[in-house]
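Note that the structure is a prediction, hence the values are computed from the model and not measured. Computation of the quantities below employed the complete heavy-atom set of this structure, encompassing side-chain atoms and omitting hydrogens, waters and symmetry-equivalent molecules. Chain letters run A, B, ... following the sequence lines, proteins first and then strands; every chain starts at 1.
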Number of protein chains: 2
Amino acid sequence: MNLIPNQEAEATRLRRRTVTQLKAELRGARVQLSVLNHVVGTHAELKDVDLDCLDLISSQGPLSPSMLAKRAGLHPATVTGILDRLERGRWIARDRDPSDRRAVLVRILPERNAEMFRLYSGMNSRMDAICEGYDQAQLEVIADFLRRVQAAGSDASEDLTAG
Amino acid sequence: MNLIPNQEAEATRLRRRTVTQLKAELRGARVQLSVLNHVVGTHAELKDVDLDCLDLISSQGPLSPSMLAKRAGLHPATVTGILDRLERGRWIARDRDPSDRRAVLVRILPERNAEMFRLYSGMNSRMDAICEGYDQAQLEVIADFLRRVQAAGSDASEDLTAG
DNA sequence: TTGATTTGGTATGAGATTCATATAATATCG
DNA sequence: CGATATTATATGAATCTCATACCAAATCAA
């Protein structure tokens, strides 16, 4: 930090460029992963949004259809249709909530896990290869970064839905 | 790396756990960013897939509808419909390819850039805040990681489409 | 050159999807 | 207890996706 003003300005410029670049790469990664999602979904006879919901149920479930609708930014009636498809395909099950007889709890069925895993296996092994290039500390930095991105995305979505 | 076998096994276990965790966080980030995308799309009266295509045109364009269909994993006729909507909304323009009179080149119109930027501004400032917690070297490591993820996603999609 | 085949983009129409609204059942509040 | 709110879903209109067909232009074959 003992730089003359010129060097300091240069460092600031470089940093700004790097941050901009990183955000661009994140957008790019999001699109490519969504494209992969779409291709996987096509093979599994699932819509993109079905897979998104399946991911949400998998990571945040079991949860109710109304909570899922909120988390996914979808209309409740749309979620009913999505859950119908996922249930018909034996991806999920709907149970009654024991504490509220109006409510429903959606949970993942492990039945077709292997099939889904197989569809993602190409990406999975590529990810393993990528990770081999990083040491333990770097992997943790990246994982933590991605965790923060999730929170940011969730918060930004909420703000936009509210406003 | 001068560890007795027990320590080495422990380190391997830890590393495997970290890699698994990282992949889970990446999936989670993809979903949250897609949800944000959906919410943004709702405000801009665009379908999720329209925004995906807009991103692809923005980063890889100008390109032809058939190339876009290939990159996005969509049917050519579907892309025609998407481009119709994007054109009607003044997001893109279709030009004839001077070197092939059958072909069309799709390019971004900057007209509505500010509007889109405003919708993403909440996420953008959150990303800036996140990046402040990392030094230059870390930012570059993360950006490079995301670049590799894009390539992996693109390759995995291609394999799946071909097979 | 001519004629056949391939390629690029889009129109058409059948089937599927989304969502505003309405509805039924249950919960909660006063 | 009665009124209101909440949860999930049925219904139907508008819209979207994609297989197919089609036309124009490029490329290939002879």
For this session: Before accepting this row, confirm whether a basic side-chain N of the pair A:Arg118/A:Glu115 lies closer than 4.0 Å to the acidic partner's carboxylate O.
Result: no
Problem set entry | Lys/Arg N to Asp/Glu carboxylate O, B:Arg102 vs B:Asp97, below 4.0 Å | no
Exercise. Just checking, any donor-acceptor pair under 3.5 angstrom between side chains of B:Thr20 and B:Arg16?
Worked result: no
For this session: Answer with yes or no whether the side chains of B:Gln136 and A:Thr18 bring together a donor and an acceptor at under 3.5 Å.
Result: yes
Exercise. Under 3.5 Å, is there a donor-acceptor pair between the side chain of A:Arg107 and the main chain of A:Ala93?
Worked result: no
Scan [X] against the nucleic acid and name what it touches under 4.0 Å (heavy atoms): base, sugar-phosphate only, or nothing.
X: A:Ala77; value: base
X: B:Pro65; value: sugar-phosphate
X: B:Arg94; value: sugar-phosphate
X: A:Ser66; value: sugar-phosphate

Exercise. Toward the 5' end of DNA chain D, which comes first, A:Asp84 or A:Lys47, by nearest nucleotide?
Worked result: A:Asp84
Exercise. When you match A:Val79 and A:His38 each to their closest nucleotide on DNA chain D, which lands nearer the 5' end?
Worked result: A:Val79
[X] has an atom [atom1]; how far is it from atom [atom2] of [N], in whole Å?
X: B:Leu83; N: C:dG8; atom1: CG; atom2: P; answer: 15 Å
X: A:Ile82; N: C:dA16; atom1: CD1; atom2: P; answer: 17 Å
X: B:Leu86; N: C:dT10; atom1: CG; atom2: C1'; answer: 16 Å
X: B:Lys70; N: C:dG8; atom1: NZ; atom2: P; answer: 11 Å
X: B:Asp97; N: C:dG8; atom1: CG; atom2: P; answer: 11 Å
X: A:Leu74; N: C:dT17; atom1: CG; atom2: P; answer: 14 Å

Seminar exercise, completed: The contact string for nucleotides 23-30 of chain C, one letter per nucleotide 5' to 3', using protein heavy atoms under 4.0 Å with B, S and - for base, sugar-phosphate only and none, comes out as --BBS---
Exercise. Among the clusters formed by ILVMFWY side chains lying less than 4.5 Å apart, do B:Ile108 and A:Val31 turn up in the same one?
Worked result: yes
For this session: Report whether A:Met123 and A:Leu139 are members of the same hydrophobic cluster (ILVMFWY, side-chain heavy atoms less than 4.5 Å apart, transitive linking).
Result: yes
Problem set entry | Other residues, nucleotides, ligands: >12 heavy atoms within 6.0 Å of B:Met116 CE | yes
Exercise. Are any of A:Arg85's side-chain N or O atoms less than 4.0 Å away from OP1 or OP2 of C:dT18?
Worked result: yes
Seminar exercise, completed: Outer limits of DNA chain D sitting under 4.0 Å from a non-hydrogen atom of chain B, read 5' to 3', are D:dC16 to D:dA26
Exercise. Which value, rounded to the nearest 0.5 Å, describes the distance between A:Ser154 atom OG and B:Leu36 atom CG?
Worked result: 9.5 Å
